[in-house]
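Written out below as structure tokens is the structure these notes cover.
Note that the structure is predicted; figures quoted are calculated from it, not measured. Letters go in sequence order (proteins before strands), and every chain restarts at 1.
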2 protein chains.
Amino acid sequence: MATQQDTSTERRQAILAATLTAVAERGLHKTTISEIQRRSAASVGSIYHHFGDREGVLYALYIDIFTDCFAQLRASLQQATTARDGIRGLVCTYLTWVEAHPEQASFIYEASQGDLLRSYRDAILQFKGAFYQEVMAWMRPYLQTGELIILPPWAYDAILLGPAHEFARRWLGGLQELTMAEAQIIIADAVWRAIQPG
Amino acid sequence: MATQQDTSTERRQAILAATLTAVAERGLHKTTISEIQRRSAASVGSIYHHFGDREGVLYALYIDIFTDCFAQLRASLQQATTARDGIRGLVCTYLTWVEAHPEQASFIYEASQGDLLRSYRDAILQFKGAFYQEVMAWMRPYLQTGELIILPPWAYDAILLGPAHEFARRWLGGLQELTMAEAQIIIADAVWRAIQPG
DNA sequence: GTATTTCTAGAACGATATTCTAGAATAGTT
DNA sequence: AACTATTCTAGAATATCGTTCTAGAAATAC
């Protein structure tokens with residue numbers, strides 16, 4: 001027997017799933033409340049009850065997706081036993097995730113830019129910051145041994161994942177000049193060169 | 001005496017300037033036609049006459065800004081006499097431009113993502129592609145001498161400017177942990193390591 | 001001097017995000 | 001079991017948005 005809680009979370013998930021496919025098919029700014037309503041069979045009131053407003057729907061989906069992505073990256077880091085495996089694994093795992101979840105990745109890039117989630121800015125920064133702390137913690141031993149170059153914390157974000165993000169945006173935009181598998185190697189190699197002491 | 005052409009281009013520029021400041025202050029998706037109208041003192045009809053639709057206004061501004069940015073990068077490349085100076089100059093010049101034009105840079109990042117300029121997608125790709133061809137032409141001699149690593153063309157975009165873009169987004173978002181001058185050195189060094197043959 | 005093009009103006013229209021009121025279904029309490 | 005409170009859904013109503021449309025003014029071309 002379905003409790004109210006069950007049907008409620010089902011509806012919640014249906015709204016988020018409808019939003020993701022709507023964004024994938026028609027783009028973010030054409031994903032209207034009534035479009036979500038049509039695809040999820042939820043009423044306007046139901047959507048606003050669960051998420052507050054349109055931005056709230058996007059934010060909830062945003063966090064859901066990042067939670068999954070970060071879990072993959074975390075697992076990759078944890079099973080790495082050398083600095084090289086860890087750094088290259090981070091890049092490759094991220095790009096593998098993008099290839100496996102193109103709709104989710106596109107959504108992330110569409111939503112993270114701009115002012116769409118401006119009112120959730122602090123919450124998102126905190127959420128991402130917590131994960132970057134984990135990455136920093138993993139790197140610390142290798143920083144001490146001199147295997148990885150010591151930089152201000154903010155710089156690792158740009159140097160480690162900047163190239164992968166730039167490529168992913170391009171790949172998701174339809175410019176798939178090379179398979180993701182080949183791109184992974186090229187980008188991972190470049191990042192590995194960049195992160196070692198000169 | 002002001003001709004019709006003069007007042008027309010003045011109005012055009014006023015609309016674009018109003019759009020830029022509106023986006024800087026309130027964000028892209030809150031920059032409405034009536035907001036632009038209010039700041040530029042242009043009528044609805046005038047805006048639509050000059051730019052077709054809201055997307056057209058954004059596209060015109062987008063191209064204007066990139067034209068300026070590319071001009072800086074082109075000048076930087078042309079006066080470089082070594083591979084190292086050229087590559088590092090590209091990164092530093094770009095970040096200098098971002099620091100000098102934060103409103104323009106923010107606009108670029110807000111507008112290039114998502115489906116906002118979807119109907120101008122091909123024109124934008126062609127515009128950017130032409131500049132990347134120039135960069136490739138500059139690199140060619142150094143690729144032949146082995147000073148720069150040989151990669152598929154698409155990879156240079158990700159590896160050369162990916163870190164700078166990632167940092168710029170963060171810096172523009174208000175997380176200015178370090179001065180741009182210091183960031184330039186760190187990122188330029190990293191990119192220079194990444195782009196050399198291993 | 002007339003015709004044509006360019007440009008501006010603003011009312012009108014359909015669609016949008018959001019709010020609001022009302023009620024149904026479930027959970028909690030005694 | 002009965003009553004209350006809470007959660008959830010429903011959909012009409014509202015204000016605002018992007019866009020279209022018609023009309024006319026101003027400059028230019030012939």
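Here B:E166 does not pair with B:R170 in a salt bridge; the nearest charged N to carboxylate O distance is not below 4.0 Å.
The CZ-C1' distance, from A:R54 to D:dT16, rounds to 15 Å in whole Å. A:E35 places its CD atom 10 Å from the P atom of C:dA17, with the value rounded to the nearest Å. Put simply, CD on A:Q13 is 16 Å from C1' on D:dC8, counting in whole angstrom units. A:R38 has its CZ atom 19 Å from the C1' atom of D:dA10, to the nearest Å. What separates CD1 of B:I33 from P of C:dA15 is a distance of 19 Å, to the nearest Å. One can place CD1 of B:I36 at 17 Å from P of C:dG10, the figure rounded to the nearest angstrom. Here the P atom of nucleotide C:dC7 and the CD1 atom of B:I15 are 11 Å apart, to the nearest Å. Atom CD of B:Q37 is separated from atom P of D:dT20 by 16 Å (rounded to the nearest Å).
Within the 3.5 Å criterion, the main-chain N or O of A:E103 finds no donor-acceptor partner in the side chain of A:S106.
For A:S34, no side-chain nitrogen or oxygen approaches OP1 or OP2 of C:dA15 to under 4.0 Å. When the side-chain nitrogen and oxygen atoms of A:H49 are compared with OP1 and OP2 of D:dT9, none of them lie within a distance under 4.0 Å. Put simply, B:H50 has a side-chain N or O that comes within less than 4.0 Å of OP1 or OP2 on C:dT8. Between B:S43 and C:dT8 there is no side-chain polar atom (N or O) within less than 4.0 angstrom of OP1 or OP2. Of the side-chain N and O atoms in A:R11, one or more sit less than 4.0 angstrom from OP1 or OP2 of D:dA10.
Each of A:I47 and B:T31 lies near DNA chain D, and the nucleotide nearest A:I47 is the one positioned closer to the 5' end. Checking A:T32 against A:G45, the closest nucleotide of DNA chain C that is more toward the 5' end is the one next to A:T32.
In the displayed structure, A:K30 atom NZ is contacted under 6.0 Å by at most 12 heavy atoms of other residues, nucleotides or ligands.
Partner B:F131 forms a ring-ring contact (aromatic ring centres under 6.0 Å, His included) with one of B:F66, B:Y94, B:F70 and no other, that one being B:F70.
Using a 3.5 Å distance cut-off with no hydrogens or angles, the side chains of B:Q196 and B:W192 do pair a donor with an acceptor.
Here C:dT18 is the nucleotide among C:dA11, C:dT16, C:dT18 with the atom lying nearest to any side-chain atom of A:Y48.
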